[in-house]
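These notes are about the structure you will find just below.
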Amino acid sequence: MDDTSHTNSPSRRRFLGGVALGGMGLVAGRAMAEGHAAGAPDPLITELQDWANGLGDGVDATPYGMPIRFEGDVIRRNVPWLTADPISSINFTPIHALDGTITPQGCAFERHHSGAIELAKEDYRLMINGLVDRPLVFTYADLERFPRVNHVYFCECAANTGMEWAGAQLNGAQFTHGMIHNMEYTGVKLSTLLEEAGVNPEGKWVYVEGADASSNGRSIPLEKAMDDVIVAFKANGEALRKEHGYPVRLVVPGWEGNMWVKWLRRIEVAAQAVESREETSKYTDTMADGTSRKWTWVMDAKSVVTSPSPQMPITHGPGPLVISGMAWSGRGKITRVDVSTDGGMNWQTARLAGEPGNKALTRFYLDTQWDGSEMLLQSRAIDETGYVQPTKEELRAVRGENSVYHNNCIQTWHVKTTGEAENVEVS
Ligand code: MTE
Ligand code: CO
């Protein structure tokens, strides 16, 4: 399993963050680890249960199904103190509790600048204007008559992990890494619509805006607009949910979430980026020396262990343990994910589940044996460009601690002997 191990200097094995060791009782599930094989008969096997002794719900009980009530805590969650009010706010995907790669829309994080609006298909219009031969207005029904594409892509807010720059802060993968979702989109390539309008040779940018009060106007280089951007109307097979931009949103593969304009209403072809408008130049990264990184659109390779993690403690004793997580890169495919259980001294190559997608989440597993001792659990993604996900120290050395956006550093969970896990830093 660890034939591709890599070793770093042991001097790095010092971890910070006020970690308290020991003193924890056994977690509830531990006593169950050996099962009932040798003990008293298990009534769940030997006794007739209620659910087998009567009838279940008829087919019309839930015309549109919801998760069973036992899964009721697998929901988006907000961190109330992060923003002043829930209208211009963010919540987080429960990535700790999901598996595979596709994010169900119902628990995919939301980010609105002026709330999620309700816009009917009948009232939907998309205008293309500016440096084009033919300014056009499309209805929803018009869009359905263009050739369609289907692609799975991740959408990550540039602020994901943004609260972790100065120190380990939020105790759960949902909160540290949950501003991400990964869906299969159906729609029309933006290039198809731009070709219909006829882009003039002076056109070098598109300015895209939404129908909500914030408009979320952004400038995208024409080259990207003509490459893989999608004007999408379905996600995971069904209509976009209101909160994700119903009836039409822009999908900008690999690029930061703020460019994925929801409730898309207008596309203006321009010679230059529209910068005079306040909304366009918000997403800059402040560097250690006070200068700014700007137009950092692509999301660099990143990964996180989702289980075990603070919200997903180990509830069994020593023995087989599945370590699971997800990796992604805005520059293409993930080629390898390494997992460390000792804070980055030694690495084992994880197993990628399925063919890694292009600019899409990849699931990884490390099927291992836990000896019951504490772990400093990390994952490290490598993408097809050869880029290696940096440590927090490496990233801080370049970007300082004043940044908010584009924190793609390696995450550490301190897994205790009890199986509980905590967000920490190693250095
Ligand atoms: N589009 C509009 N019209 N209004 C918005 O507030 N928020 C942006 C982007 N598109 C926004 C928008 C930001 S910052 C992000 S991260 C993504 O939408 C989030 O998409 P989601 O809410 O579907 O997760
Ligand atoms: Co965002």
Side-chain angles (χ1 to χ4, degrees), residues 2 4-19 95 156 158-173 175-180 285-289 293 296 298-310 323-331 334-350 352 362 364 366 374-415 421-427:
D2 55 354
T4 43
S5 293
H6 321 279
T7 306
N8 282 342
S9 141
S11 65
R12 292 182 50 225
R13 199 187 188 284
R14 182 170 69 85
F15 59 95
L16 311 170
V19 175
I95 54 169
E156 184 184 18
N160 198 21
T161 322
M163 289 77 71
E164 302 292 314
W165 277 106
Q169 184 166 211
L170 299 175
N171 215 24
F175 305 110
T176 55
H177 291 75
M179 291 184 201
I180 188 164
D285 298 312
T286 308
M287 307 280 278
D289 63 2
R293 275 172 93 227
T296 47
V298 181
M299 302 308 292
D300 286 317
K302 186 166 169 180
S303 69
V304 65
V305 171
T306 51
S307 178
S309 66
I323 296 172
S324 176
M326 52 198 229
W328 61 97
S329 169
R331 298 187 193 277
I334 289 295
T335 49
R336 196 177 94 202
V337 180
D338 299 328
V339 171
S340 173
T341 56
D342 58 9
M345 283 196 298
N346 298 287
W347 294 94
Q348 298 177 60
T349 299
L352 304 186
T362 297
F364 65 84
L366 186 71
E374 61 176 4
M375 296 185 279
L376 289 170
L377 205 50
Q378 299 183 332
S379 64
R380 171 175 79 181
I382 299 162
D383 72 16
E384 63 181 331
T385 69
Y387 177 93
V388 181
Q389 183 182 0
T391 65
K392 206 163 188 178
E393 274 191 339
E394 286 165 351
L395 203 61
R396 279 194 190 129
V398 183
R399 306 252 290 277
E401 290 176 24
N402 295 327
S403 285
V404 174
Y405 302 111
H406 293 274
N407 182 350
N408 70 320
C409 74
I410 290 173
Q411 170 67 43
T412 311
W413 305 126
H414 173 209
V415 180
E422 191 176 357
N423 182 4
V424 298
E425 292 187 358
V426 292
S427 66

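Scanning all heavy atoms of the two residues, the minimum distance from A381 to S303 falls at N-OG, 3.6 Å. For the pair L366 and A350, the tightest heavy-atom approach, listed with the atom from each and the gap, is CD1-CA, 4.3 Å. Counting all heavy atoms, side chain and backbone alike, A166 lies closest to E401 at CA-OE1, 4.0 Å.
Annotation: the span from N408 atom CG to W328 atom CH2 amounts to 9.0 Å, rounded to 0.5 Å. To the nearest 0.5 Å, atom CZ of residue F364 and atom CG of residue D338 are 9.5 Å apart. Between the OG1 atom of T161 and the CZ atom of F175 there is a distance of 13.5 Å, given to the nearest 0.5 Å. Distance check: M326 CE to I95 CD1 gives 4.0 Å after rounding to the nearest 0.5 Å. Distance OG1/T362 to CZ/R336: 14.5 Å, rounded to 0.5 Å. With rounding to the nearest 0.5 Å, the separation of NZ in K302 from CG in N407 is 6.0 Å.
Of the listed residues (V424, I323, T412), just one forms a side-chain contact (heavy atoms from CB on, under 4.5 Å) with L377, and that residue is I323. Screening T391, V339, I410, V337 for a side-chain contact (heavy atoms from CB on, under 4.5 Å) with R380, the sole residue that qualifies is I410.
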Original post:
Would E164 and K392 count as a side chain to side chain contact (heavy atoms under 4.5 Å, CB included) if you check the C-alpha gap in whole Å, the side-chain angles of each, and the deciding distance to 0.1 Å?
Top reply: CA-CA 9 Å; E164 302 292 314; K392 206 163 188 178; 3.9 Å; yes

**OP:** Assess whether side chain to side chain contact (heavy atoms under 4.5 Å, CB included) is satisfied between T341 and V415, documenting all intermediate values.
**Re:** CA-CA 9 Å; T341 56; V415 180; over 6 Å; no

Original post:
Could you go step by step and tell me if E422 and N171 meet the side chain to side chain contact (heavy atoms under 4.5 Å, CB included) rule?
Top reply: CA-CA 6 Å; E422 191 176 357; N171 215 24; 3.8 Å; yes

Subject >> Residues W413, N423; criterion side chain to side chain contact (heavy atoms under 4.5 Å, CB included); working and verdict >> reply: CA-CA 5 Å; W413 305 126; N423 182 4; 3.7 Å; yes

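Using modelled atom types, no side-chain atom of E156 and backbone atom of I180 make a donor-acceptor pair closer than 3.5 Å. A donor-acceptor pair under 3.5 Å is absent between the side-chain atoms of S403 and the main chain of Y405, judged by distance alone. The main-chain N or O of V304 is never found under 3.5 Å from a side-chain atom of Q411 such that the two would form a donor-acceptor pair. Counting only distance, with no hydrogens or angles, the side chain of N346 and the backbone of Q348 share no donor-acceptor pair below 3.5 Å.
Between N160 and M299 there is no side-chain heavy-atom pair separated by less than 4.5 Å. Within the 4.5 Å cutoff, no side-chain heavy atoms of H406 are placed close to those of D300. Between H414 and E374, some side-chain heavy-atom pair lies under the 4.5 Å cut-off. For the pair R399 and W165, the minimum side-chain heavy-atom distance is below 4.5 Å. Using a 4.5 Å heavy-atom cutoff, the side chains of V305 and Q378 are not in contact. With contacts defined as side-chain heavy-atom distances shorter than 4.5 Å, the pair Y387/S329 does not qualify.
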